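To keep things clear, I will list the structure first and then write my remarks on it.
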Amino acid sequence: MKSPLLTLPGAVPAEGVDEGVAAHYGDLFREQRALADGTGFVDLSHRGVVTVSGPERLGWLHLLLTQHVQELPPHQATEALILSANGHIEHALYLVDDGETTWAHVEPGTQEALVAYLESMKFFYRVEVADRTEDIAVLHLPAGSITEAPEGVAVRETPYGRDLFLPRDGLEEYARTAAGPAAGLLAYEALRVEQHRPRLGFETDHRTIPHELGWIGSAVHLQKGCYRGQETVARVQNLGKPPRRLVFLHLDGSEVHLPAPGTELRLADDGPDGRKIGFITTSVRHHELGPVALALVKRNVPVDAPLLAGDTAAAQETVVEP
């Protein structure tokens with residue numbers, strides 16, 4: 001679904017899973033600085049939007065999600081996962097309830113599978129599930145933004161900013177009134193990497209469990225009742241350690257090209273022909289930190305070991321403790 005904001009001056013379309021919105025508007029670092037300063041907005045209208053309504057919605061979602069939402073207060077943002085029976089991450093939901101409806105935005109293209117799963121679990125509960133992607137768009141305002149949300153619009157307010165669920169036909173008009181310039185998805189992603197926030201489909205693969213990415217606590221509540229995949233979560237939490245861990249990498253700034261997602265990581269002492277110990281998940285150019293990345297490495301990799309991302313030197317910071 002192509003965003004109308006791609007008609008804004010300087011807009012360069014994003015590619016891949018983020019196709020449909022702007023990667024940038026001509027000045028990546030200016031856009032990053034604007035977001036860091038609390039001005040501007042980011043078009044996230046390519047993301048899927050799913051709603052759940054009905055008097056039993058929160059109790060029903062509580063049975064399915066990793067997060068404790070049974071008594072979620074109105075307008076309080078949270079995030080949650082849906083796991084496979086083996087505890088692998090299948091969906092990531094960014095939620096808020098307005099007192100009548102639970103709103104969630106999800107990764108582009110995942111909403112249909114999510115809705116199908118939720119529909120299959122309705123049974124006799126008084127809930128209604130809807131894919132609202134065609135008529136509702138997500139727009140992000142950074143932390144510190146003074147731009148007001150339109151009356152009646154669902155808003156997720158987090159430490160990183162506010163996500164607005166706007167009528168899609170009003171997106172263009174609202175963007176004209178937002179405080180500050182439009183910022184593209186590359187600027188948003190650079191700040192996400194700086195904040196060590198994982199993203200489904202980027203930091204995850206078919207075997208990722210929540211512990212590997214630091215999603216315990218923020219998206220997984222350890223004191224709630226049963227849900228699919230809970231046995232794996234509890235076993236790893238109480239009896240073991242995850243096989244991999246998320247790290248933040250400072251990359252050699254003298255390299256012209258960023259190592260692409262999937263680039264293999266090795267111990268620098270072993271050289272470029274050494275044993276693979278992990279891989280890059282997201283790499284970006286940050287306006288202050290330079291080239292940085294998120295990566296998954298084996299749990300037993302020493303936390304202070306210099307690494308190689310392909311041929312690029314990398315120094316790691318711990319995100320998830322080994």
Side-chain angles (χ1 to χ4, degrees), residues 5 21 31-53 57-58 61-62 65-81 91-108 111 114 132-133 135-168 170-171 173-185 187-200 213-221:
L5 302 189
V21 296
E31 294 165 31
Q32 285 187 38
R33 287 190 291 269
L35 293 181
D37 290 341
T39 61
F41 63 91
V42 183
D43 179 9
L44 299 180
S45 63
H46 63 315
R47 292 184 63 81
V49 175
V50 175
T51 59
V52 181
S53 56
R57 66 190 181 283
L58 291 178
L61 285 170
H62 186 78
L65 304 180
T66 58
Q67 186 58 272
H68 196 298
V69 297
Q70 176 80 52
E71 300 170 353
L72 183 67
H75 314 300
Q76 179 176 306
T78 191
E79 55 189 77
L81 308 175
H91 293 282
L93 296 79
Y94 298 85
L95 300 157
V96 70
D97 191 90
D98 64 9
E100 297 181 353
T101 299
T102 302
W103 296 78
H105 66 78
V106 298
E107 285 298 321
Q111 65 270 15
L114 173 60
R132 301 292 304 275
T133 309
D135 65 302
I136 299 293
V138 180
L139 187 141
H140 175 79
L141 300 175
S145 172
I146 61 172
T147 301
E148 294 184 359
E151 187 175 351
V153 166
V155 178
R156 289 188 72 250
E157 185 161 1
T158 75
Y160 310 108
R162 288 173 288 159
D163 300 330
L164 279 55
F165 294 84
L166 295 167
R168 189 170 290 274
L171 179 63
E173 174 62 27
Y174 182 76
R176 282 196 287 266
T177 68
L185 204 65
Y188 180 84
E189 284 288 282
L191 299 188
R192 176 181 73 83
V193 170
E194 177 195 12
Q195 295 153 354
H196 305 166
R197 293 189 289 137
R199 183 177 173 189
L200 183 77
L213 303 183
W215 255 327
I216 301 298
S218 63
V220 179
H221 196 288

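Bear in mind the structure is a predicted one, so any value in this text is a computation, not a measurement.
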>> Before you tell me yes or no, could you show the steps for Phe165 and Arg132 under side chain to side chain contact (heavy atoms under 4.5 Å, CB included), namely the whole-Å CA-CA distance, both residues' side-chain angles and the distance that decides it to 0.1 Å?
In response: CA-CA 10 Å; Phe165 294 84; Arg132 301 292 304 275; over 6 Å; no

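- Side-chain atoms of Gln70 do not come within 3.5 Å of backbone N or O of His62 as any donor-acceptor pair.
- Nearest approach of Val153 to Pro167, heavy atoms of both residues: CG2-CD, 4.4 Å.
- Distance alone, capped at 3.5 Å, places no donor-acceptor pair between the Ser53 side chain and the Thr101 backbone.
- Under the salt bridge (charged side-chain N to carboxylate O under 4.0 Å, His left out) criterion, the residue pairs touching residues 154-168 are Arg156-Asp163, with sequence neighbours excluded.
- Remark: Phe41 pairs with no residue by the ring pair (Phe, Tyr, Trp, His ring centres under 6.0 Å) rule, at least two apart or across chains.
- Taking CD of Glu194 as the reference point, atom CZ of Arg192 lies at 12.5 Å (rounded to 0.5 Å).
- A search for side-chain hydrogen bond (donor to acceptor under 3.5 Å, both in side chains) contacts involving His196 returns nothing, not counting sequence neighbours.
- Between the side chain of Thr147 and the backbone N or O of Ala178 there is no donor-acceptor pair closer than 3.5 Å.
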> Given the rule in the side chain to side chain contact (heavy atoms under 4.5 Å, CB included) test, do Asp98 and Val155 qualify, once you have shown the distances and angles that lead to the verdict?
Replying inline: CA-CA 8 Å; Asp98 64 9; Val155 178; over 6 Å; no

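- Checked by atom type and distance alone, the side chain of Ser145 never pairs as donor or acceptor with a backbone atom of Pro142 at under 3.5 Å.
- Qualifying side-chain hydrogen bond (donor to acceptor under 3.5 Å, both in side chains) partners for Thr78, counting only residues two or more places apart in sequence or in other chains: Gln67.
- Within the 3.5 Å criterion, the main-chain N or O of Trp103 finds no donor-acceptor partner in the side chain of Thr51.
- In this pair, His68 and His221 present their aromatic rings tilted. The plane angle is within the 30 to 60° band.
- Side chains of Leu95 and Leu65 form a contact here, defined as non-hydrogen atoms less than 4.5 Å apart.
- The heavy-atom pair separating Ala175 from Leu5 by the smallest distance is CB-CD2, 3.8 Å.
- Within the model, atoms CD of Gln32 and CG of Leu191 stand 5.5 Å from one another, a figure rounded to the nearest 0.5 Å.
- To the nearest 0.5 Å, atoms OG1 (Thr39) and CD1 (Ile146) are separated by 9.5 Å.
- The two residues Gly48 and Gln111 come nearest to each other via the heavy atoms CA-OE1, 3.5 Å.
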> Where do Asp97 and Arg57 land on the side chain to side chain contact (heavy atoms under 4.5 Å, CB included) test, with the steps shown first?
Replying inline: CA-CA 10 Å; Asp97 191 90; Arg57 66 190 181 283; 2.8 Å; yes

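- In this structure the side chain of His46 reaches within 4.5 angstrom of the side chain of Leu44, judged on heavy atoms.
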> Checking side chain to side chain contact (heavy atoms under 4.5 Å, CB included) for the pair Thr102/Leu58: CA distance, chi angles, key distance, verdict?
Replying inline: CA-CA 8 Å; Thr102 302; Leu58 291 178; 3.6 Å; yes

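- Taking Gln76 as the reference, Leu72, Pro73 meet the side chain to side chain contact (heavy atoms under 4.5 Å, CB included) condition, with sequence neighbours excluded.
- Here Tyr160 pairs with nothing under the ring pair (Phe, Tyr, Trp, His ring centres under 6.0 Å) rule; sequence neighbours left out.
- Nearest approach of Gly161 to His140, heavy atoms of both residues: CA-CE1, 3.9 Å.
- Residue-environment remark: CD (Glu100) stays at or below the threshold of 12 foreign heavy atoms within 6.0 Å.
- Under a cut-off of 6.0 angstrom, the local environment of CD in Glu71 is sparse, with at most 12 non-hydrogen atoms contributed by other residues, nucleotides or ligands.
- The two atoms that bring Arg199 and Pro108 nearest to each other are NH2-CD, 4.0 Å, heavy atoms only.
- Side-chain contact check for Tyr174 versus Leu164: some heavy-atom pair is nearer than 4.5 Å.
- No hydrogens or angles considered: a donor-acceptor pair under 3.5 Å links the side chains of Ser45 and Asp43.
- Counting heavy atoms from C-beta on, the side chains of Leu114 and Leu93 come closer than 4.5 Å.
- Gly214 and Ser218 get closest at one heavy-atom pair: O-OG, 3.8 Å.
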